[in-house]
*Asks:* 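Dumping the structure here so I can ask a few things about it.
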Amino acid sequence: LRSIHPPWTPRFPRRPSWPMAMQPMGLDQRLQLMEMELQNLRQRNGGAMQMASANPMGLNHFAPQFMGPPSLQMTPRQPEETVDPQEVDRRRKAHQEMLALHHDLLQSHTSLQKQHADLMKAHKELLHAFKNASFNGAAASAAVAKKQVKHPALGVVRLDYDYPPAPGDSDHPASFGYDVYFRCVPGLSFEMCQTGQFTEEVERRFADAIKHLEARGVSAITGDCGFMMAFQVLARKIAAKPIFMSSMVQCPIIAAALDPDDQIMVLTANEHSLKPQKEILMTSCGFDVEEHRFVIHGCQDVPGFDAVAKGEKVPLDIVQPGIIKMALDLIQKNPMIRAILLECTELPPYADALRYHTGLPVWDAITAADFYVSAFQDNPRFGISDWQQEWDEEQEHYELGTHLTKDELLLLQNKAVHKKEKKQRALLHKKKLDKVQRKVRKQQAPILGVIRLDYNYPPAPGDIDFPGSYDYDVLFRVVPGFTFAMAQSGKLSEAVEQEFIDAVRWLERKGVSGITGDCGFMMAFQPLASAIASVPVFMSAMMQCPMISIAFDKYDKILILTANGDSLKPQKETLLKQCGFNVDDRRFMIVGCQDVPGFDAVAKGEKVDVDYVTPGIVYMVKEILKQHASIRAICLECTELPPYADALRSETKLPVFDAITNADFFISARRDNPRFGFNQWQLDWDGLQDNYEFGSNLTAEQAEKLLN
């Protein structure tokens, strides 16, 4: 309206001529008059708006009905309501109090929000501290990271015998993926090991070598000659760490994974030298030389291998074809051979070539060392992290006699040889091997097969049913109708037994290199599975027990953790027959985790809060160790316990074996060792696991039989 008609401005004379009867208006009266004028103006503007809305096109004919200034006639003021000043004061104070209270409430709310945020942050830091640092109350509450422990190392007791070891040999540092320390025993000859008898002086030096290696912080100790097995019992009495003087310690676990009718090829430097060790091998390794299952054959007739006996460098390009031909001939004569074990510590360089040409799993001195050291290593795929230093991939330089005193150096029968081989000859051998390797057709990387119960639950990283627990491919196959109660009873119904057989055969058709189960009680069905499969079958982590116990003194103890201690004892006969594990043996302490806070989720089939349960597992084990100081190792029987292995390693400094170390041991026998031997014959693992959901890999008919 203002754009159409200029606003009206009342005109007052500078000196209004008031009627004589009226007195000039005061300030209040003038304000009241202005309010009246404003009200009249609003009423007129309101009427104009109504007319404009009724006739929008007639705005040009609109003119406000302003008749001039309003009358200046005075209207008497209405008497104001009197208010008690005290009431006004009271209301003002009440209002101020309410404002103050409101302000306090806002401050309190803000404070509570800040406290909640601080508590959430503290809770997160506490969980992080439990996961990545210490598990004792003081360190956890302070959230202070612990100092990282040293990466595990291997100690090797050496003969008084100098020779140029090839990569893969126990005396070659590059054969291992961790630090290795050597210590020679002056006067300890090959002949002395072969007879199994020490002189008093050499026995004392042998003990000094073991103590020296332990003082350097090694995690496990081995020897550079298989015949040192004769001194295994003595060595176990000296050492507190696991000690395995021969690769033959692997015999019990390999034999347990195969059918009784299957055979195992054992290659040694000289078969005539091994058989006299019959009693020692039986006592120390549980290995019967005369048993029909073991086909023992020496490599003494392989062209070029006599360099071992002469103390010369072995020409790998000449010896390797001879080793392969010999093995293939033995398999042709003995078609039931299902595995190969290399007893001699100078045979591992040929392991990869044997794996490629025979398609069989091959174990040697290196796989034995890896098994024991892995029980001390941080598993980067699950569990707590950053508690152990990473290996710097640098090996200590060693020459025969290093770390000996001047007096001990004088006792050496063999002096260190410092002659360097001609570079041209070394390059020639390498070129020949590389030429052969370029011609091979790469094979599939090894795959693990897992038989699953008809039981669905959310597995945690580290659980055997979690694909990310492995650094190789894994295939799962559930058996419809196969319940936990059925596994615990050790009996299958006829229908479920057939489903079990079908699952094993399906996994073999898919090309798995080994088969395990997702429940330790499946050990009862180890004979059934191994009778069907041609690959190693290891249905329980308990299969490692004989290999663990061999490495310790008879007075040392091994702690076995299970989901429920009372549930394992009914499996007594099965475990004794299949694993050589006696439930009543005082060396083994069986403890259940059923009372650990939060672990009851396992029995309920719920997701386990690993961060919450870990401190309870660690606390329970520490309390046990306080009462039993002779415990030297821990074995986790339950397949849902591996997530706590790293925490136990960090806190107890003991080796911890579980279902994952068990699977890794068997897969390693089919895996290319990149550090030495015949390389580039196997496809690299792509690092990706197939997505698996419960019931996958079943037909529609089989899926209908699932109980879960």
*Asks:* If you take all heavy atoms of Gln388 and Lys150, which pair is closest and at what distance?
*Replies:*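 Where Gln388 meets Lys150 most closely, the heavy atoms are CG-O, 3.9 Å.
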
*Asks:* With a 3.5 Å distance limit and no angle check, can you tell me whether Thr614 reaches the backbone of Tyr644 through a side-chain donor-acceptor pair?
*Replies:* no

*Asks:* Does the side chain of Cys545 come within less than 4.5 Å of Ile558's, by heavy atoms?
*Replies:*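 A side-chain contact is absent here, since even the closest heavy-atom pair is not under 4.5 Å.
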
*Asks:* Does Ser469 use its side chain to pair, donor to acceptor, with the backbone of Ile464 at less than 3.5 Å?
*Replies:*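 A pair under 3.5 Å: no.
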
*Asks:* Counting only heavy atoms from other residues, nucleotides and ligands, does the tally under 6.0 Å from CZ of Phe694 exceed 12?
*Replies:*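 Above 12, so yes.
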
*Asks:* Identify, with sequence neighbours excluded, every residue that meets side chain to side chain donor-acceptor pair (under 3.5 Å) alongside Tyr692.
*Replies:*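 Partners of Tyr692 by the side chain to side chain donor-acceptor pair (under 3.5 Å) criterion come out as none, since no residue qualifies.
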
*Asks:* What are the two closest non-hydrogen atoms of His151 and Gly177, and how far apart are they?
*Replies:* CE1-O, 4.4 Å

*Asks:* With distance as the sole test, does Gln395 use its side chain to make a donor-acceptor pair with the main-chain N or O of Tyr178 at under 3.5 Å?
*Replies:*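 The answer is yes, because a donor-acceptor pair under 3.5 Å joins these two groups.
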
*Asks:* Enter the distance from Glu499:CD to Asp454:CG here, rounded to the nearest 0.5 Å.
*Replies:* 10.0 Å

*Asks:* Using the rule given for side chain to side chain contact (heavy atoms under 4.5 Å, CB included), can you reason through Arg649 versus Gln377, listing the C-alpha separation, both sets of side-chain angles and the distance that settles it, and then say yes or no?
*Replies:* CA-CA 8 Å; Arg649 291 175 184 130; Gln377 281 179 317; over 6 Å; no

*Asks:* For the residue pair Leu654 and Leu625, establish whether any side-chain heavy-atom pair is separated by less than 4.5 Å.
*Replies:*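 In contact.
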
*Asks:* Any donor-acceptor pair under 3.5 Å linking the side chain of Arg477 with the backbone of Gly449?
*Replies:* no

*Asks:* Mind listing the closest non-hydrogen atom pair of Phe176 and Arg675 along with its distance?
*Replies:*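 The answer is C-NE, 3.4 Å.
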
*Asks:* Is the NZ or CZ atom of Arg632 both under 6.0 Å from the centre of the six-membered ring of Phe552 and within 45° of that ring's axis?
*Replies:* no

*Asks:* Measuring only between side-chain heavy atoms, which start at C-beta, is Lys93 closer than 4.5 Å to Arg90?
*Replies:*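 No, side chains not in contact.
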
*Asks:* Using the test side-chain contact (heavy atoms from CB on, under 4.5 Å), find all partners of Ile624 that sit at least two apart in sequence or belong to another chain.
*Replies:*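 Checked Ile624 against side-chain contact (heavy atoms from CB on, under 4.5 Å); matches are Leu559, Met589, Val591, Met620, His628, Ile631.
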
*Asks:* Kindly write out the residues that satisfy side-chain contact (heavy atoms from CB on, under 4.5 Å) with Trp685, not counting sequence neighbours, or none if the list is empty.
*Replies:* Asp471, Asp473, Gln689

*Asks:* Short question: side chain of Glu396, backbone of Tyr181 - any donor-acceptor pair under 3.5 Å?
*Replies:* no

*Asks:* Between Ser696 and Phe476, does a side chain to side chain contact (heavy atoms under 4.5 Å, CB included) hold up when you go through it step by step?
*Replies:* CA-CA 8 Å; Ser696 298; Phe476 298 96; over 6 Å; no

*Asks:* Supply the atom-to-atom distance Leu706 CG to Asn456 CG, rounded to the nearest 0.5 angstrom.
*Replies:* 9.5 Å

*Asks:* Between Glu640 and Pro459, is there a donor-acceptor pair closer than 3.5 Å when you use the side chain of the first and the backbone of the second?
*Replies:* no

*Asks:* Using modelled atom types only, decide if a donor and an acceptor are shared between the side chain of Glu637 and the backbone of Ile560 within a distance under 3.5 Å.
*Replies:*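 Not confirmed, Glu637 side chain does not pair with Ile560 backbone.
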
*Asks:* Quick one, Val149 with Lys653, criterion side chain to side chain contact (heavy atoms under 4.5 Å, CB included). Give me CA distance, side-chain angles, the key distance, then yes/no.
*Replies:* CA-CA 9 Å; Val149 300; Lys653 307 300 184 292; 3.8 Å; yes

*Asks:* Report yes if some heavy atom in the side chain of Ile548 is under 4.5 Å from a heavy atom in the side chain of Phe588; otherwise report no.
*Replies:*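 Of all side-chain heavy-atom pairs linking Phe588 with Ile548, none is under 4.5 Å.
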
*Asks:* Can a donor-acceptor pair be found between the side chains of Asp518 and Tyr455 at a distance below 3.5 Å?
*Replies:* no

*Asks:* Are any of the side-chain heavy atoms of Leu698 and Pro480 separated by less than 4.5 Å?
*Replies:* yes

*Asks:* Apply side chain to side chain contact (heavy atoms under 4.5 Å, CB included) to residues Phe666 and Thr516 and explain how you reach the verdict.
*Replies:* CA-CA 10 Å; Phe666 284 99; Thr516 189; over 6 Å; no

*Asks:* Step through the shown structure and confirm whether more than 12 heavy atoms of other residues, nucleotides or ligands are within 6.0 Å of CD on Glu390.
*Replies:* no

*Asks:* Give me the atom names and distance for the closest heavy-atom approach of Cys519 to Thr639.
*Replies:*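 Result for this residue pair: N-CG2, 3.9 Å.
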
*Asks:* From Asp646 CG over to Ser385 OG, what is the distance, rounded to the nearest 0.5 angstrom?
*Replies:* 7.5 Å

*Asks:* So, do Val608 and Asp463 sit near enough that their side-chain heavy atoms are less than 4.5 Å apart?
*Replies:* no

*Asks:* Enter the distance from Asp595:CG to Asn564:CG here, rounded to the nearest 0.5 Å.
*Replies:*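 Spacing of CG (Asp595) from CG (Asn564) equals 8.5 Å.
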
*Asks:* Of Asp690, Leu688, Val450, Val474, which meets side chain to side chain contact (heavy atoms under 4.5 Å, CB included) against Pro467?
*Replies:*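 Exactly one pass, corresponding to Val474.
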
*Asks:* How close do Val613 and Gly598 get, heavy atom to heavy atom, and via which atoms?
*Replies:* CG2-C, 3.6 Å

*Asks:* CG of Leu507 to CD1 of Ile447: how many Å apart, nearest 0.5 Å?
*Replies:* 10.0 Å

*Asks:* Would you check if Phe376 and Lys241 make a side-chain contact, meaning some heavy-atom pair closer than 4.5 Å?
*Replies:*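 SC-SC contact between Phe376 and Lys241 confirmed.
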
*Asks:* To the nearest 0.5 Å, what is the distance between CG (Asn662) and SG (Cys635)?
*Replies:*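 Here the rounded value is 8.0 Å.
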
*Asks:* Which heavy atom in Ser219 sits nearest to a heavy atom in Pro242, and how many Å separate them?
*Replies:* O-CD, 3.4 Å

*Asks:* Under a 4.5 Å cut-off applied to non-hydrogen side-chain atoms, are Tyr472 and Asp664 in contact?
*Replies:*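 Yes, at least one pair of side-chain atoms sits under 4.5 Å.
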
